[in-house]
There are 2 protein chains.
Amino acid sequence: MTSLDPTGRSLDDYPRPSVAVDTAVLTVARGALCVLLVRAPDAEPSLAWRLPGTFLHVGETLADAVTRSLRQKAGVADLHPQQLHVFDDPARDDRGRVLSVAHLAVVRADRVPARDGNRLVPVADVPALPFDHGAIIGFAVTALRERYRTAPDPSGLVDAAEPDGSFTLRELRLVHEAVAGHRLPPDAFRRTMRHHLTETGRTSTGRRGKPAELYRRRGGPSVPE
Amino acid sequence: MTSLDPTGRSLDDYPRPSVAVDTAVLTVARGALCVLLVRAPDAEPSLAWRLPGTFLHVGETLADAVTRSLRQKAGVADLHPQQLHVFDDPARDDRGRVLSVAHLAVVRADRVPARDGNRLVPVADVPALPFDHGAIIGFAVTALRERYRTAPDPSGLVDAAEPDGSFTLRELRLVHEAVAGHRLPPDAFRRTMRHHLTETGRTSTGRRGKPAELYRRRGGPSVPE
DNA sequence: CAAATAGTGTCTATAAGACACTATTGA
DNA sequence: TCAATAGTGTCTTATAGACACTATTTG
């Protein structure tokens, strides 16, 4: 800790910014892509709802800080956050110089506990948020849509009725439509996704029309769970 | 500066990491995609060459820090850095906890001054580098290749012989081939790029074969210069 | 049976790669 | 003339969207 940088000053001679992480937790609920907002207890009411975040502790990775903040502030566990962007406007936080490393996390809606301080809001209906939280959601939605453009449910959002996790192309398509924000042509969707799926040989039952083939992702989820 | 965060502690109570920026400056020189390495004066010889970087000053944006480091350490000006990724391994710097925000900057080779402490190295021949600098170059090359996949020279690397900045499809293709790292079929390249170009009505001259049409980018560069 | 859902066949438009071909210049 | 470069025509392949059609189930 005493070695010098090329200017001959030690690391301790520099004033340092605070580093925060803020995370857009995205999920699909009631057919819509939603983001998790949490209530900040001590904030003024109009800006009390915001993305979960925390300050980075020294010795901790960014992913660890994201995981810790989501566990403590929303009760959500086992996420695999992805970095999006560093927000660095010197005036973005009036408490001082704070950099925020924005993250995306994706989780099935049933793993977000219903709490007084949790809200799942459709991304189309997000209210004004403090700091850069609106922009962070924009980055997150863009990244998730890109991730879902070609691969079948890479983040495991399908809430399969089958105990073995297999799903029908309809269930898969409804998740992709929620992520994309618009309808997808069923025939083209089938032909595109089929290459990345394995047939189970079994069919779904109970629903109205013709029973549907059950599929599994080939090679498991892109983002491990 | 005295306001409190939700835990009731002020910002000053948290130990803070140092934040650095490190930049892969990419350019095309002698037909190859190259990265700029600079010599760190006080480092041990085997690891003296590295990416230009600096610590973020409080009150400064990341882009400003990148610009300052490139001006001071390499004499390169007027860049428009793009954030790539935050490297956050707690052990990545033995001087203490240092986060590095990796950046990409793109510049024509003739704007990199020839200096004793500057080296342009083809990205295929990059030696072992300290910290995460090898990984940063990987991120940068991937980002630049993606940027050049569909748009004609979005970062203005073509060194046009014409005074008005117009160029032939051959000149454009050679730059794209250097970025991609492999040859591109001339006819398909022409048909793809043509949609994004405006004819000037004039032709190049002086070279061996049939004179080539001169084109300009439609709507100017994607990254302003 | 009617409605709903699953799944296929096929036509069109588009784009990229391959390859042959013509056109125009300098050495 | 020959080599080099510019540019086009066209064939093949692949993919996405559109749309019609068949298949199978429940209400």
Side-chain angles (χ1 to χ4, degrees), chain A residues 31 145-154 158-162 164 166-218, chain B residues 31 145-154 158-162 164 166-218:
Chain A
R145 286 182 175 159
E146 183 57 30
R147 193 191 283 182
Y148 269 68
R149 212 169 48 80
T150 55
D153 193 25
V158 169
D159 191 3
E162 297 295 314
D164 67 350
S166 62
F167 48 82
T168 67
L169 274 165
R170 176 190 173 79
E171 292 169 326
L172 182 65
R173 179 169 50 84
L174 290 176
V175 166
H176 278 251
E177 288 177 347
V179 170
H182 56 79
R183 307 297 294 275
L184 297 169
D187 46 2
F189 181 78
R190 165 185 304 276
R191 283 188 260 250
T192 303
M193 291 304 169
R194 195 173 218 171
H195 307 141
H196 307 288
L197 299 173
T198 312
E199 296 184 31
T200 63
R202 293 177 302 107
T203 55
S204 77
T205 171
R207 229 193 296 272
R208 182 73 177 274
K210 177 175 170 177
E213 288 277 339
L214 289 167
Y215 293 88
R216 243 192 289 272
R217 276 194 298 265
R218 193 185 301 277
Chain B
R145 286 183 175 158
E146 184 56 32
R147 194 191 282 181
Y148 269 68
R149 213 171 46 81
T150 55
D153 192 26
V158 169
D159 192 3
E162 297 295 313
D164 67 350
S166 62
F167 48 82
T168 68
L169 274 165
R170 175 190 174 77
E171 291 168 327
L172 182 65
R173 179 168 50 84
L174 291 176
V175 166
H176 279 251
E177 288 176 347
V179 170
H182 54 81
R183 307 296 294 274
L184 297 170
D187 46 3
F189 181 80
R190 163 185 304 276
R191 283 189 259 250
T192 301
M193 291 304 169
R194 195 173 217 171
H195 307 141
H196 308 287
L197 299 173
T198 312
E199 296 185 31
T200 62
R202 292 177 302 109
T203 55
S204 76
T205 173
R207 229 192 296 271
R208 183 72 177 274
K210 177 175 171 177
E213 287 277 337
L214 290 167
Y215 294 88
R216 241 192 290 272
R217 275 193 300 264
R218 191 185 301 278

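It should be emphasised that the depicted structure is a prediction, and the values quoted were computed from it without experimental measurement. Note on naming: letters A, B, ... go to the chains in the order of the sequence lines (proteins, then strands), and numbering restarts at 1 for each one.
Heavy-atom neighbours of A:Arg145 CZ from other residues, nucleotides or ligands within 6.0 Å: above the threshold of 12.
Between the CG atom in A:Asp153 and the OH atom in A:Tyr215 there is a gap of 15.5 Å [rounded to 0.5 Å].
Counting only distance, with no hydrogens or angles, the side chain of B:His176 and the backbone of B:Tyr148 share a donor-acceptor pair below 3.5 Å. Not a single donor-acceptor pair under 3.5 Å links the side chain of B:His196 to the backbone N or O of B:Arg217. In this structure, B:His182 contributes its side chain and B:Glu177 its backbone to no donor-acceptor pair below 3.5 Å.
A sub-4.0 Å separation between OP1 or OP2 of C:dA16 and a side-chain N or O of B:Thr192 is present.
In this structure, the side chains of A:Glu213 and A:Thr168 stay at 4.5 Å or more apart for every pair of heavy atoms. Looking at A:Phe167 and A:Leu174, their side chains never come closer than 4.5 Å, going by heavy atoms from C-beta outward.
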Protein N or O to nucleotides 4-6 of chain D N or O, pairs below 3.5 Å:
residue : atom : partner  : partner atom : Å
D:dT5   : O2   : B:Lys210 : N            : 3.4

Collect all protein-nucleotide pairs involving nucleotides 10-13 of chain D in which both atoms are nitrogen or oxygen and the distance is under 3.5 Å.
residue : atom : partner  : partner atom : Å
D:dT10  : O4   : B:Arg191 : NH2          : 3.0

Would you mind writing out the side-chain donor-acceptor pairs for residues 202-211 of chain B within the sub-3.5 Å range, not counting sequence neighbours?
residue  : atom : partner  : partner atom : Å
B:Arg202 : NH2  : B:Asp164 : OD2          : 2.5
B:Arg202 : NH2  : B:Ser166 : OG           : 3.4
B:Ser204 : OG   : B:Ala212 : N            : 3.4

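For the pair A:Phe189 and A:Thr205, nearest-nucleotide mapping onto DNA chain D gives the more 5' position to A:Phe189.
As rounded to whole Å, 12 Å separates atom C1' of C:dA15 from atom CZ of B:Arg149. Per the geometry, CG belonging to A:Leu172 stands 12 Å off P belonging to C:dG7, to the nearest Å.
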